[in-house]
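Fair warning: this is a prediction, and the values are worked out from it, not measured in the lab. By convention here, the first residue in the shown sequence is residue 1.
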Amino acid sequence: MKFLRGLAKNNDREWFNPRKPIYERELKAPMLALIDEINHAMAEFAPDHIRDPKKIMMRIYRDTRFAIDKRPYKRQVSAWWAKRGMEKTSGGGFYFHVSPKEVLVSIGVYMPEREQLRAIREWMAENHEAYRAMLAKIIKARGMGMTHIDGYALMRMPKGFASDHPADELLRARNWGVHAYLPAEAALEPNFGREIARRFRLAAPLIEALNGAILEAERPRGMSFGAMF
């Protein structure tokens, strides 16, 4: 936490480079161990999202090529569990980050690609009641503190959907899922990995449904599951 607070105040290579061994020892190594712990838990409910911890942990370096903000480093350490085969797309997955201000645990789909966006909306139009039921179960779970992620909804219904559709806000959304904010100090507790895995497990059916909608839309018409194997 001390390192991340220092990085927030001194976000430049002159400060970071001589302290890189501290980052490697005090943040990267513990983070990789934590990801490995969570991987073992996820084997029971999301095995298709498990990869080498080094591929799950996100880089501390920011991509500033097209950014107005040219600060070179992120101010948090983070991890992203994409579904196998969807690592380079915007499919649904599991995420958390640790910063001196907060721990964020987020499960969902964030700003999907155009075709994925359409696929989710078409699925949502037919399955909004089931999706709402899943959301309600997650949000009502005691002690989890899960809430809706910001959908960044459109002002108007997207083209092709009735303006009075009962899935209104779900169809106008551009993000779907849930998240929880925990105190930064939660990352220092010995049960931290278990707390993350509990929330991942709770929301796993939601991710399976959203990714299923994307994959179903990508399958050639007329092809059955059996024909694929």
Side-chain angles (χ1 to χ4, degrees), residues 27-28 30-60 74 76-99 102-113 116-117 119-120 123-124 130-131 133-152 170 173-184 186-187 189 191-216:
L27 286 97
K28 186 175 181 179
M31 186 71 165
L32 292 174
L34 177 62
I35 291 169
D36 186 60
E37 176 189 344
I38 296 169
N39 273 350
H40 281 83
M42 291 179 72
E44 298 179 6
F45 60 87
D48 288 345
H49 290 259
I50 296 172
R51 290 186 292 159
D52 185 300
K54 291 180 180 179
K55 294 183 177 181
I56 291 172
M57 183 175 179
M58 302 180 78
R59 288 162 51 87
I60 193 72
K74 299 172 185 175
Q76 70 275 341
V77 287
S78 54
W80 167 246
W81 282 260
K83 183 178 177 63
R84 192 175 302 125
M86 302 178 78
E87 296 91 344
K88 296 183 179 181
T89 73
S90 303
F94 305 83
Y95 171 88
F96 84 90
H97 75 226
V98 176
S99 79
E102 67 193 15
V103 170
L104 171 63
V105 181
S106 187
I107 305 102
V109 176
Y110 179 75
M111 295 295 183
E113 298 166 3
Q116 295 177 336
L117 184 64
I120 292 173
W123 179 87
M124 203 66 72
Y131 182 79
M134 280 191 286
L135 277 180
K137 182 178 179 180
I138 294 167
I139 292 169
K140 291 178 181 178
R142 184 176 297 178
M144 294 295 194
M146 306 295 285
T147 60
H148 300 271
I149 64 172
D150 190 336
Y152 289 100
L170 296 175
R174 287 176 285 183
N175 302 321
W176 295 268
V178 292
H179 62 198
Y181 287 94
L182 308 177
E189 297 295 329
N191 65 343
F192 183 47
R194 187 162 63 250
E195 288 300 313
I196 295 172
R198 288 176 63 214
R199 289 165 175 81
F200 282 5
R201 182 190 295 273
L202 179 64
L206 183 147
I207 289 298
E208 186 175 355
L210 293 173
N211 281 336
I214 294 170
L215 295 173
E216 181 66 25

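- His148 places no side-chain N or O within 3.5 Å of a backbone atom of Val178 that could act as its donor or acceptor partner.
- In terms of heavy atoms, Ile50 sits closest to Arg84 at O-NH2, 3.6 Å.
- Annotation: side chain of Leu182 is not in contact with side chain of Phe96 (no heavy-atom distance under 4.5 Å).
- In plain terms, the two heavy atoms of Pro112 and Trp176 that are nearest each other are CG-CZ3, 4.0 Å.
- Contact annotation: the side chain of Met42 approaches that of Phe200 to within less than 4.5 Å [non-hydrogen atoms, C-beta and beyond].
- Remark: Ile120 CD1 to Leu170 CG distance equals 11.5 Å, nearest 0.5 Å.
- One N or O on the side chain of Lys74 and one on the backbone of Arg59 form a donor-acceptor pair closer than 3.5 Å.
- Ser99 and Gln76 get closest at one heavy-atom pair: CB-CB, 3.9 Å.
- Considering every non-hydrogen atom in both Gly193 and Ile38, the closest pair reads O-CG1, 3.9 Å.
- For NZ of Lys28, the number of neighbouring non-hydrogen atoms (other residues, nucleotides, ligands) closer than 6.0 Å is 12 at most.
- Taken from CG in Leu202 to NZ in Lys137, the straight-line distance is 7.5 Å, to the nearest 0.5 Å.
- Looking only at side-chain heavy atoms (C-beta outward), Tyr110 and Ile149 stay at 4.5 Å or farther from each other.
- Although no hydrogens or angles enter the test, the distance criterion places a donor-acceptor pair under 3.5 Å between the side chain of Asn211 and the main chain of Gly92.
- The CH2 atom of Trp80 lies 8.5 Å from the CE atom of Met58; values are rounded to the nearest 0.5 Å.
- A 4.5 Å side-chain heavy-atom check between Asp150 and Asn175 finds every atom pair outside the cut-off.
- Met144 and Arg199 make their closest contact through O-NE, 3.0 Å (heavy atoms, listed as atom of the first residue, atom of the second, distance).
- Shortest non-hydrogen contact noted between Ala180 and Met146 is CB-SD, 3.5 Å.
- Shown are Val77, Leu104, Val105, Val103; of these, the side-chain contact (heavy atoms from CB on, under 4.5 Å) with His97 is made only by Leu104.
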- Test log, rule side-chain contact (heavy atoms from CB on, under 4.5 Å), inputs His179 and Ile107: CA-CA 6 Å; His179 62 198; Ile107 305 102; over 6 Å; no
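- Annotation: the span from Met31 atom CE to Ile60 atom CD1 amounts to 9.5 Å, rounded to 0.5 Å.
- Around the CD atom of Glu87, the shell of radius 6.0 Å holds more than 12 heavy atoms that belong to other residues, nucleotides or ligands.
- Atom CH2 in Trp81 sits 10.5 Å away from atom CE in Met57 (nearest 0.5 Å).
- Interatomic distance, Gln116 CD to Ile214 CD1, rounded to the nearest 0.5 Å: 4.0 Å.
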